[in-house]
Amino acid sequence: MYKRQEFTSGTAFDKVWRYQNNGTCPWPKGTAYAFIGGDKMGAPNIVPVDEIAPGEIIEITVTMIAPTVPATYTGYWQMRLPNGELFGDQAYVRIVVPTP
C-alpha cells in the first residue's frame, strides 16, 4: 500500500531509495542515479553512486523541493552506467502539495 506523502509548497524533503547490486560484478566508478522523467521537483539530474560490490546494499538520498502549485507530482528515476545506459527497475517519488 502506498502512503500518501503531503508537503506544503516550497518545503524541502529527502527521498531515500534502497538498492542492492544483485549482479555478478561491481557497479563501476561513474555510476549514477538519474532523473529520467516526470516532475523533477528541484532535484539534480544525477546523483553519483559509489562503486558497489555484488550483494552490497546502498541507500541513495535525493533532496527535492515541493512545487508551489497544489497538485500531485511524480518523478521517475533509474540507475545509469557511466556510458549513459540505464539499468535496473525504474523507481518513482510521488507527493501531494495540498491546497492551502
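These numbers come from the heavy atoms of this one structure, side chains and all, not from hydrogens, waters or symmetry mates.
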J.: Quick one: OH on Tyr73 to CD1 on Ile95, what's the gap to the nearest 0.5 Å?
T.: 8.0 Å
J.: Testing Asp39, Thr11, Val97 one by one against Pro67 for a side-chain contact (heavy atoms from CB on, under 4.5 Å), which residue passes?
T.: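 With Pro67 as partner, side-chain contact (heavy atoms from CB on, under 4.5 Å) holds for just one option, Val97.
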J.: Please tell me if the side chains of Pro70 and Ser9 come closer than 4.5 Å, counting only heavy atoms from C-beta onward.
T.: no
J.: State whether the number of non-hydrogen atoms from other residues, nucleotides or ligands found under 6.0 Å of Asp14 atom CG is greater than 12.
T.: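 Yes, CG of Asp14 has more than 12 neighbouring heavy atoms, counting only those of other groups under 6.0 Å.
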J.: Going through the checks in order, is the side-chain contact (heavy atoms from CB on, under 4.5 Å) test met by Val93 and Met41?
T.: CA-CA 10 Å; Val93 56; Met41 296 180 266; 3.8 Å; yes
J.: What's the spacing between Met79 CE and Trp27 CH2 if we round to 0.5 Å?
T.: 4.0 Å
J.: What pair of heavy atoms forms the shortest contact from Phe87 to Gln78, and how long is it?
T.: O-CG, 3.4 Å
J.: Closest heavy-atom contact between Gly75 and Phe35?
T.: CA-CE1, 4.2 Å
J.: Taking all heavy atoms of Lys15 and all of Tyr92, pick out the closest pair and write down the distance.
T.: CE-O, 4.2 Å
J.: For residues 42-59, run the donor-acceptor check on the side chains, cut-off 3.5 Å, and write out each pair with its distance to 0.1 Å, sequence neighbours left out.
T.:
| unit_1 | atom_1 | unit_2 | atom_2 | d |
| --- | --- | --- | --- | --- |
| Asn45 | OD1 | Lys40 | NZ | 2.5 |
| Glu56 | OE1 | Ala53 | N | 3.1 |
| Glu59 | OE2 | Arg18 | NE | 3.4 |
| Glu59 | OE2 | Arg18 | NH2 | 2.5 |

J.: If I take atom OG1 from residue Thr61 and atom OH from residue Tyr33, how far apart are they, to the nearest 0.5 angstrom?
T.: 11.0 Å
J.: Going from CH2 on Trp77 to CH2 on Trp17, what distance comes out if it is rounded to the nearest 0.5 angstrom?
T.: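 Reported to 0.5 Å precision, the distance equals 6.0 Å.
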J.: Heavy atoms only: give me the nearest Arg94-Tyr76 pair and the separation to one decimal.
T.: NH2-OH, 4.1 Å
J.: Is there a continuous path of hydrophobic side-chain contacts, each under 4.5 Å between heavy atoms, that joins Val16 to Ile65?
T.: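 No; tracing contacts between hydrophobic side chains, which count when under 4.5 Å, never links both residues.
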J.: Heavy atoms only: give me the nearest Pro98-Glu6 pair and the separation to one decimal.
T.: CG-OE1, 3.8 Å
